[in-house]
Amino acid sequence: MMGGVNIISMEKNMKNTISTLAATALLASSAAVSAAEVEVLHWWTSGGEAASVNYLKEKLSGAGVGWTDFAVAGGGGENAMTVLKSRAISGNPPTAAQIKGPSIQEWGDLGFLADIDGVAQANDWDNLLPAVVSDVMKHNGKYVAAPVNVHRVNWMWSNPEVYAYAGATIPTTWDDFMVQAKKLQNAGFIALAHGGQPWQDATVFEAVVLGVGGADYYNKAFVDLDMDALDSATTLKVFETFGNLRQFVDANSPGRDWNVATSMVIEGKAGSQIMGDWAKGEFKVAGKSVGTDYVCTAAPGTSGAHTFNIDSFAFFAQSDAASTEAQNVMAAEILGTDFQTVFNLNKGSIPARLGVSRAEFDTCAHDSMDAFVSASASGSLVPSFAHGMAMSSAVGGAVTDSATNFFNSDQSAADGVAQLVASIKAAM
Ligand code: BGC
């Protein structure tokens, strides 16, 4: 595991190098791809994810645009971002890449991204997209990325048969989670299906932050990076709660992929997984039905709140007209109602654009849609920091490192807070 400071200095060095080479890359970016073809970097390699991305490929093929797949396995996208940086540095970025949140601004500031504002204006994106989505897609007021979905991250996926067998009930608070998880464990189950990878540790940590501290605290501490909110009794309680979860994860969790953890819930080996709704794609691929085979509830203490994670494709500037045209076709297809429906049915997320029928979506998706609207009105719609929606990549890396260092050691809650505060300060 790497220390936060190392990652931060790597990020800084990388940024400098990328800056210097941006101009070269712009000239060379289309060299490896023929006309009317897009090379697309993404990290969607699990069953549900692959079904989703295949639909995009099909849609583009129907529109006469070829697809060169640039998949880099690794949940959460850390590997994909590393590979993307090296491709960009070598002057050969893909046509489009799965880039999210503030990172879009970072790539835009470096001069890499193409302006797809013409497509956006022609298709009225400003009116099709909620402002919380469209704001992220623009750089200097122009669209440079297209959103495919809105994931809700603060979910818990549970196997109701496991709970029933253990005489346990699905918890709605973190205090109750500890009680019910003990019952699951006593009945011989793994209480919390978890993959010990930094981004998964951060995903659970984020759910604890929201569940213990609430949306105001979440925003102050993890969006505004207010040092008083970060260095507080609430953060101490967050680390205590997070630390209490260590006992409910099995010894084989280190390195486990998130979808393998989901399959533990599917197969009845584990009670619950805390994971964004891409997990639903795995239940779907396994032929499971919501309500009977599995249950989706808000992560403990977070009902009514919505931690959003918007997947989007950012477009890299091209030097020839055919590649630019292929990009424009891709951008336009992505915002189509049929694409947003089928893609999100497979992916477990909800459409990013307005005006898509709810009819085909299940109850989890309806909950997510309703929570998105009500949380937006009540101020509890929060960006996922574990999934790159809230912070610069440097600060996000520091938070992930602190969460993962804590979870995978016997560090005290007080030391966890101190390390978090110090590493955020160093990365800002
Ligand atoms: C992405 C999802 C993806 C998940 C697991 C998240 O960061 O937003 O689209 O399914 O990582 O790989």
Side-chain angles (χ1 to χ4, degrees), residues 40-56 70-84 96-104 133 136-137 145-155 157 193-207 255-263 265 273-285 296 299 306-314 334 339-340 342-352 364-365 368 372 382-391 393 396-397 399-400 403-404:
V40 183
L41 176 131
H42 61 91
W43 64 89
W44 291 328
T45 54
S46 77
E49 292 175 331
S52 316
V53 79
N54 281 341
Y55 185 64
L56 177 55
F70 186 3
V72 181
E78 199 185 335
N79 299 345
M81 289 305 102
T82 305
V83 173
L84 179 62
Q98 190 186 346
I99 304 180
K100 305 188 295 185
S103 288
I104 295 175
V133 178
V136 183
M137 304 300 137
V148 294
N149 64 8
V150 178
H151 274 301
R152 186 186 190 193
V153 187
N154 58 316
W155 280 117
W157 306 91
H194 184 65
Q197 295 174 346
W199 73 273
Q200 294 186 64
D201 295 338
T203 300
V204 176
F205 177 68
E206 173 178 280
R256 177 187 286 142
D257 285 331
W258 67 271
N259 52 319
V260 176
T262 310
S263 70
V265 177
Q273 180 185 25
I274 304 285
M275 189 49 66
D277 44 20
W278 47 92
K280 203 176 69 186
E282 303 311 297
F283 287 99
K284 186 175 179 202
V285 166
C296 58
H306 190 300
T307 312
F308 68 87
N309 169 27
I310 304 164
D311 283 315
S312 47
F313 284 107
I334 282 177
F339 172 77
Q340 295 261 333
V342 179
F343 179 88
N344 287 304
L345 286 172
N346 289 324
K347 191 72 173 66
S349 36
I350 60 173
C364 305
S368 175
F372 187 83
V382 298
S384 167
F385 63 77
H387 291 274
M389 298 303 299
M391 303 159 173
S393 45
V399 174
T400 295
T404 208

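Remember, it's 1-based here, ligands and their atoms both numbered in the order they're listed.
Contact annotation: the side chain of Phe343 approaches that of Asn149 to within less than 4.5 Å [non-hydrogen atoms, C-beta and beyond].
Taking the six-membered ring where the residue is Trp, Tyr55 and Phe339 present parallel rings, their angle staying beneath 30° rather than reaching 60°.
Taken from CD1 in Ile310 to OG in Ser384, the straight-line distance is 10.5 Å, to the nearest 0.5 Å.
Residues Ala71 and Thr45 approach most closely at CB-CG2, 4.1 Å, considering heavy atoms. Considering every non-hydrogen atom in both Val148 and Asn344, the closest pair reads O-ND2, 3.1 Å.
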When you check ligand 1 against the protein, what N or O pairs turn up below 3.5 Å? List the atom names and distances, or just say none.
from, atom 1, to, atom 2, distance (Å)
ligand 1, 7 (O), Lys100, NZ, 2.8
ligand 1, 7 (O), His387, ND1, 2.8
ligand 1, 8 (O), Lys100, NZ, 2.9
ligand 1, 8 (O), Asn309, ND2, 2.9
ligand 1, 8 (O), Asp311, OD1, 2.7
ligand 1, 8 (O), Asp311, OD2, 3.4
ligand 1, 9 (O), Trp44, NE1, 2.9
ligand 1, 9 (O), Asp311, OD1, 3.3
ligand 1, 9 (O), Asp311, OD2, 2.6
ligand 1, 9 (O), Lys347, NZ, 2.8
ligand 1, 10 (O), Glu49, OE2, 2.5
ligand 1, 10 (O), Lys347, NZ, 2.7
ligand 1, 11 (O), Trp43, NE1, 3.3
ligand 1, 11 (O), Gly76, N, 3.4
ligand 1, 12 (O), Trp43, NE1, 3.2
ligand 1, 12 (O), Glu49, OE2, 3.0
ligand 1, 12 (O), Gly76, N, 3.2

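Remark: the Asp257 side chain and the Gln197 side chain contain an N/O donor-acceptor pair separated by less than 3.5 Å.
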